[in-house]
Amino acid sequence: MSTSGAGEGALEPPRLPAGFRIDAWELGAVIGSGGWGTVYEARAVADGTIAAVKVLPTGALAPGQRAALGELVAREVRFSAEADHPHLVRTHAVCTVDAPDLPALDGAIALVMDRAEASLRQVLDAAGTGGPIPDAVRVLRGVADGLAHMHGAGWVHGDLKPANVLLGADDAVWLADFGLATELDGTHAYVPPLGTLDHVPPEWWSQRTGADGTMVRPTADIWAFGVLAHQVLTGGLHPFPGATARARSLAAQAYARGTTPLRLDAGLDEDWRRLIGDCLAPDHAGRLRHTAESLSVRIEQLASPRRRRGLLPVAAVALAAVSAAAIGGAALLGGGGADDEDDKGRGTAAVVTGAHSPAAGEIPEDSDVPEALRPLIVKAAHRCTDAEVTPAFLAAMLKAESGFDVNASRPETEEYGIAMWTPAVFRAWAVDGDGDGDKDYMSPPDAISTMSLYVCWLDQQFKKKNMPAKDLPALMAAGYRTSDRTVITEGGVPERVRPHVDKVLRYLAAYER
């Protein structure tokens, strides 16, 4: 793990001699070091079991730094205790170094972990640039699988980079260093303002660090995976130019602002180029539809000898059925009454865009849908691959919500605009529908595009629960007014929103005539 300044010019930490005992473990050679501490090979005194011991000195730290380190260690230990997956390294014990003759290390924290043969960073450092490392696809698939398990369990890694990917015997690939791993609370969580400069997403730089720390979301891991994948497939080349991590982070920010294009290595296969480009979407909303699970499926397809060169595999454009915990909960729409309050903040977004048949569900030319809104509605609907999310359905939703009034408002329920978004809720799902860089709930392109993203996700949730296909439009309309959980728990449309849902269905029937 690196602080925002560590990794460039950091002092080498003090070291323990070979043969030093830490509880039941005897240290051997140093196998790695960083800004926080040193990793040693170790053997169990009792049976010779091989392990790795990460020693984190605390003596020279200021009280605030010591507290931050303690928090990171506690987070890593807690996650490791809960994690159980072949692509996540395990922490077996936490010990305290007893070394009164070595004041700099006396009282240090020691973590006993699985022993790897090398880190991915070491492999990349030894590789010649320009081509993939050996077993590149296997490594990337292992990383994606480990991330998918973490996200599915409601955790974000927060510091994915080559140094934190370990390679072991028998083709083992482990994610490691969970000091910044944190459990989601809704759509996001907060961590100390730490991270590796050239692997954090662009939005990391514009977020304010408050009393709870800096916001982190699963899409931060998706960005970091895109950087890592580019490095693995090019022998270590970072996708953004720069001689230092800070320079590369500035280049990534310039790309996110739209002032420079994304220039991936020319030698990349087109399908891998597309996958990496998806991971490196310039903002959180652009990455929402690309989950670790969907990336794992795409990698599996790319590894298949039967794939057709130049074409995306079917799984890459299909909607990934991801558990609600994979991305974390997002606040849902209010306005359905006090009974809905407990349902807010528990949804997730995991939507893959793709081709959508224009033949069905289009808006009739003689309908009452305003001409100026039709292209926006059609474009937004076609972002979703689920057949039920049609332009006609979105138009029916908008008519029922606001009567197509772009200035509609219900101050008593804090709902505004053509899609009647609650501002705080909109921010959790926001899509930049007009490409101007802003996301405004009063902007019809942004509000309608975000509505499409949300109802597309609702449709997936109800399908996973095997709810009747014929009821999906009604269920989506009800979920938009309440939440997916309310609809699933009640087994259908809640009675309190039945009049509103009936209105949507009447408009839909008129548009589909």
Side-chain angles (χ1 to χ4, degrees), residues 87 118-125 127-151 156-167 171 173-177 195-202 218-242 245 248-249 251-252 255-256 262-282 286-304 307 309 312-313 315-316 320 352:
H87 292 300
S119 72
L120 180 56
R121 175 73 274 160
Q122 292 168 316
V123 173
L124 290 173
D125 288 344
T129 58
I133 66 169
D135 292 327
V137 174
R138 176 181 62 80
V139 171
L140 291 177
R141 188 162 49 202
V143 173
D145 286 351
L147 272 186
H149 180 79
M150 287 189 71
H151 292 178
V156 179
H157 187 284
D159 197 21
L160 179 64
K161 59 183 178 181
N164 290 340
V165 175
L166 303 181
L167 308 176
D171 293 336
V173 178
W174 296 318
L175 297 190
D177 207 335
T196 303
L197 296 184
D198 55 357
H199 285 73
V200 296
T219 55
D221 286 344
I222 300 301
W223 171 277
F225 182 85
V227 174
L228 184 143
H230 191 276
Q231 293 174 300
V232 166
L233 294 169
T234 62
L237 296 177
H238 197 281
F240 297 99
R248 292 188 288 273
S249 73
Y255 152 70
L262 179 64
R263 295 187 177 95
L264 302 180
D265 187 73
L268 284 172
D269 174 279
E270 185 57 34
D271 289 344
W272 282 109
R273 178 182 299 274
R274 187 178 288 109
L275 184 148
I276 292 170
D278 288 342
C279 294
L280 299 180
R287 276 171 261 128
L288 265 176
R289 60 187 180 270
H290 305 296
T291 68
E293 185 169 339
S294 71
L295 292 176
S296 180
V297 172
R298 290 172 68 173
I299 293 169
E300 183 73 31
Q301 292 290 327
L302 288 172
S304 170
R307 76 181 177 101
R309 186 175 180 83
L312 266 180
V352 176

Quick check against the 3.5 Å criterion: does [X] have a side-chain atom that pairs as donor or acceptor with the backbone of [Y]?
| X | Y | answer |
| --- | --- | --- |
| S119 | Q122 | yes |
| D221 | G158 | yes |
| R287 | I222 | no |
| R248 | G242 | yes |
| H230 | R273 | no |
| H151 | T291 | no |
| N164 | D159 | yes |

Do [X] and [Y] make a side-chain contact, defined as non-hydrogen atoms from C-beta onward lying under 4.5 Å apart?
| X | Y | value |
| --- | --- | --- |
| L280 | P239 | yes |
| V232 | V143 | no |
| V227 | L160 | no |
| W272 | I299 | yes |

*asked:* Using side chain to side chain contact (heavy atoms under 4.5 Å, CB included), reason through V173 and L167 one step at a time and then give a plain yes or no.
replied: CA-CA 5 Å; V173 178; L167 308 176; 4.1 Å; yes
Using every non-hydrogen atom in the two residues, find where [X] and [Y] come nearest and quote the distance to one decimal.
| X | Y | result |
| --- | --- | --- |
| A176 | H157 | O-NE2, 2.9 Å |
| P241 | A251 | O-CB, 3.6 Å |
| L233 | A136 | CD2-CB, 4.1 Å |
| A148 | A292 | N-CB, 3.5 Å |
| L275 | R298 | CA-NH2, 3.4 Å |
| G235 | I133 | CA-CG2, 4.5 Å |

Nearest-0.5 Å distance that lies between atom [atom1] in [X] and atom [atom2] in [Y]:
| X | Y | atom1 | atom2 | result |
| --- | --- | --- | --- | --- |
| R138 | D171 | CZ | CG | 4.0 Å |
| T234 | I276 | OG1 | CD1 | 7.5 Å |
| K161 | L124 | NZ | CG | 13.0 Å |

*Show your working on side chain to side chain contact (heavy atoms under 4.5 Å, CB included) between L175 and L147 and close with a plain yes or no.*
CA-CA 8 Å; L175 297 190; L147 272 186; 4.0 Å; yes
_Carboxylate-amine/guanidinium proximity below 4.0 Å for D125 and R121_ =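 So D125 pairs with R121 through a salt bridge.
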*Begin from the C-alpha positions of D278 and L295 and carry the test side chain to side chain contact (heavy atoms under 4.5 Å, CB included) through to its verdict.*
CA-CA 10 Å; D278 288 342; L295 292 176; 5.7 Å; no
*Begin from the C-alpha positions of L120 and L228 and carry the test side chain to side chain contact (heavy atoms under 4.5 Å, CB included) through to its verdict.*
CA-CA 10 Å; L120 180 56; L228 184 143; 4.1 Å; yes
*Is the W223 ring parallel, tilted or perpendicular to the F240 ring (thresholds 30°, 60°)?*
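Ring orientation, 0 to 90° scale: parallel.
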_Set of salt bridge (charged side-chain N to carboxylate O under 4.0 Å, His left out) partners for R263, sequence neighbours left out_ =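 Applying salt bridge (charged side-chain N to carboxylate O under 4.0 Å, His left out) to R263 gives none.
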